[in-house]
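What follows is a single structure, written as structure tokens, with notes after it.
Lettering follows sequence order; numbering is per chain, from 1.
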Number of protein chains: 2
Amino acid sequence: MMLPMARAATTSDVFNAIAEPQRREILALLRAGERPVTELAQELGMTQPGASKHLRVLREVGLVRDRKAGKQRLYGLDARGLRPIHEWTGGFERFWNESFDRLDAYVQDLKQARQEE
Amino acid sequence: MMLPMARAATTSDVFNAIAEPQRREILALLRAGERPVTELAQELGMTQPGASKHLRVLREVGLVRDRKAGKQRLYGLDARGLRPIHEWTGGFERFWNESFDRLDAYVQDLKQARQEE
DNA sequence: GCATCATATGCCGATATCGGCATGCGTCAA
DNA sequence: TTGACGCATGCCGATATCGGCATATGATGC
């Protein structure tokens, strides 16, 4: 019957988790230390359920850890998952300084090659 | 009337563009040099329209440039847009080595603070 | 012009995503 | 136990996303 396949990857990976601006803000805030949900929501101007949902995503990909502290639930940063992304982008470091030199060079080569044909 | 607001950010930023595994593969391949659409599609095992669509997204966020070369259209890498991501993740570099030491330390601080209240 | 190759675009179906809202559940204190 | 607080979850509506397919657009060569 061959159903259409729709979406492939989903929010269960780190790349996707940090594609959301608000989630990036949460991570940035958590660098200063653990924080309860309500405080995060307040500081970032979002609703409490909104914050909880984003935190859930971040927790599922391992960027955030939570622990109970009495009535509250403290969320803390676990940045290890960001390392692969840092390294992946780092693999392009050589290119973002010389991108257009390279392009130009390639164009030159191409013209050369054409004249020699 | 207050309609629901649904999705906030969209595919028009670099974080989102590289959230797609196939788009990351395209970028990785383009490190080796410019390539036409069909070749990309073939090497990555996707359909030509599929490749074209992903390339469109990459082009719209500026990660890829295209130029016409006769019948073909060559796509080339413009990695400058990856730099902000590299730097953003780099802002967490201090944390991904000592994440849990810090957490523990914070817990200690917290206990201290509580006893002193 | 016409056929051909290379690429882009449009439509569709399935599903994922996000925000808002209400509500559930657990914990603490009185 | 009851109430208050902190947080999570569920449901909904609007929209975005992705793959597959057919088709349009564009350039080339005859």
Side-chain angles (χ1 to χ4, degrees), chain A residues 1-26 30 34-61 64-76 114 117, chain B residues 1-26 30 34-61 64-76 114 117:
Chain A
M1 207 165 65
M2 210 41 171
L3 294 174
M5 220 184 284
R7 265 222 143 170
T10 168
T11 198
S12 286
D13 77 317
V14 181
F15 279 96
N16 226 296
I18 66 164
E20 237 289 329
Q22 308 218 65
R23 289 198 282 264
R24 290 200 295 276
E25 292 184 53
I26 290 178
L30 289 181
E34 292 181 309
R35 269 195 178 62
V37 180
T38 313
E39 206 174 309
L40 285 170
Q42 195 178 352
E43 297 188 43
L44 297 177
M46 44 193 198
T47 66
Q48 174 268 309
S52 278
K53 284 172 188 170
H54 284 311
L55 284 166
R56 184 167 147 96
V57 175
L58 292 172
R59 194 175 49 214
E60 282 174 353
V61 302
V64 142
R65 296 271 178 180
D66 65 303
R67 66 185 181 83
K68 317 210 332 188
K71 221 191 283 193
Q72 304 193 130
R73 186 171 210 88
L74 293 183
Y75 280 88
R114 237 166 226 162
E117 273 173 8
Chain B
M1 208 165 61
M2 209 44 173
L3 293 174
M5 218 182 286
R7 265 221 140 169
T10 169
T11 200
S12 287
D13 77 319
V14 181
F15 279 96
N16 225 295
I18 66 164
E20 239 289 328
Q22 309 218 63
R23 288 198 283 263
R24 290 200 296 277
E25 291 185 53
I26 290 178
L30 289 181
E34 291 180 310
R35 270 194 178 65
V37 180
T38 312
E39 206 175 308
L40 284 171
Q42 196 180 349
E43 298 188 43
L44 297 177
M46 45 192 195
T47 66
Q48 174 269 310
S52 276
K53 284 173 188 170
H54 283 311
L55 285 167
R56 185 168 146 96
V57 174
L58 292 172
R59 194 175 48 214
E60 283 175 352
V61 302
V64 143
R65 295 272 178 178
D66 66 300
R67 67 188 180 83
K68 318 212 328 188
K71 221 192 285 194
Q72 304 194 130
R73 183 173 281 272
L74 293 182
Y75 280 88
R114 241 167 222 160
E117 273 175 7

To the nearest Å, give me how far apart CG (A/Asn16) and C1' (C/dC18) are.
-> 13 Å
By side-chain hydrogen bond (donor to acceptor under 3.5 Å, both in side chains) - contacts of B/Glu43 (at least two apart) = B/Arg35
Using five pairs at either end of the helix from C/dG1-D/dC30 to C/dA30-D/dT1, determine the angle between the two local helix axes and round it to 10 degrees.
-> 10°
From CG of B/Asp13 across to C1' of C/dT17 the rounded distance in Å is 15 Å
Pairs under 3.5 Å (N/O, protein and nucleotides 23-30 of chain D):
unit_1 : atom_1 : unit_2  : atom_2 : d
D/dA27 : OP1    : B/Lys68 : NZ     : 2.8

Could you state the atom-to-atom distance from CD of A/Gln42 to P of D/dC5 in whole Å?
-> 15 Å
Quickly work out the A/Lys53 NZ to C/dG20 P distance and round it to whole Å.
-> 9 Å
Can you check whether B/His54 has a side-chain N or O nearer than 4.0 Å to OP1 or OP2 of D/dG19?
-> yes
Go through the steps for A/Val37 and A/Asp66 under the test side-chain contact (heavy atoms from CB on, under 4.5 Å), then give the verdict.
-> CA-CA 10 Å; A/Val37 180; A/Asp66 65 303; over 6 Å; no
OP1 or OP2 of C/dG26 sitting under 4.0 Å from any side-chain N/O of A/Arg73?
-> no
Provide, to the nearest angstrom, the distance between the CZ atom belonging to B/Arg56 and the P atom belonging to D/dG19.
-> 15 Å
Given atom OH of B/Tyr75 and atom P of C/dT7, what is their separation to the nearest angstrom?
-> 9 Å
For the pair B/Glu20 (side chain) and B/Gln22 (backbone), establish whether a donor and an acceptor sit closer than 3.5 Å, ignoring hydrogens and angles.
-> yes
Contacts of B/Arg24 meeting side-chain hydrogen bond (donor to acceptor under 3.5 Å, both in side chains) (sequence neighbours excluded), chain-then-number -> none
How far does CD1 of A/Ile26 sit from CD1 of A/Ile18, to the nearest 0.5 angstrom?
-> 13.5 Å
Rounded to whole angstrom units, what separation is found between the CG atom of A/Asp66 and the P atom of C/dT27?
-> 13 Å
Correct closest heavy-atom pair for B/Leu58 and B/Ala17 would be CD2-CB, 4.4 Å
Per-pair distances, 0.1 Å, donor-acceptor, side chain in residues 48-56 of chain A, under 3.5 Å, sequence neighbours excluded:
unit_1  : atom_1 : unit_2  : atom_2 : d
A/Gln48 : NE2    : A/Ser52 : OG     : 3.1
A/His54 : ND1    : A/Arg23 : NH1    : 3.2

Does B/Gln22 put a side-chain nitrogen or oxygen below 4.0 Å from OP1 or OP2 of D/dG19?
-> yes
Quick one: which of B/Arg59, B/Glu39, B/Glu34 gives a side-chain contact (heavy atoms from CB on, under 4.5 Å) with B/Tyr75?
-> B/Arg59
Yes or no on side-chain contact (heavy atoms from CB on, under 4.5 Å) for B/Val61 and B/Asn16, after CA distance, side-chain angles and deciding distance?
-> CA-CA 9 Å; B/Val61 302; B/Asn16 225 295; over 6 Å; no
Specify the separation, in whole Å, of atom CD1 of A/Ile26 and atom P of C/dC18.
-> 11 Å
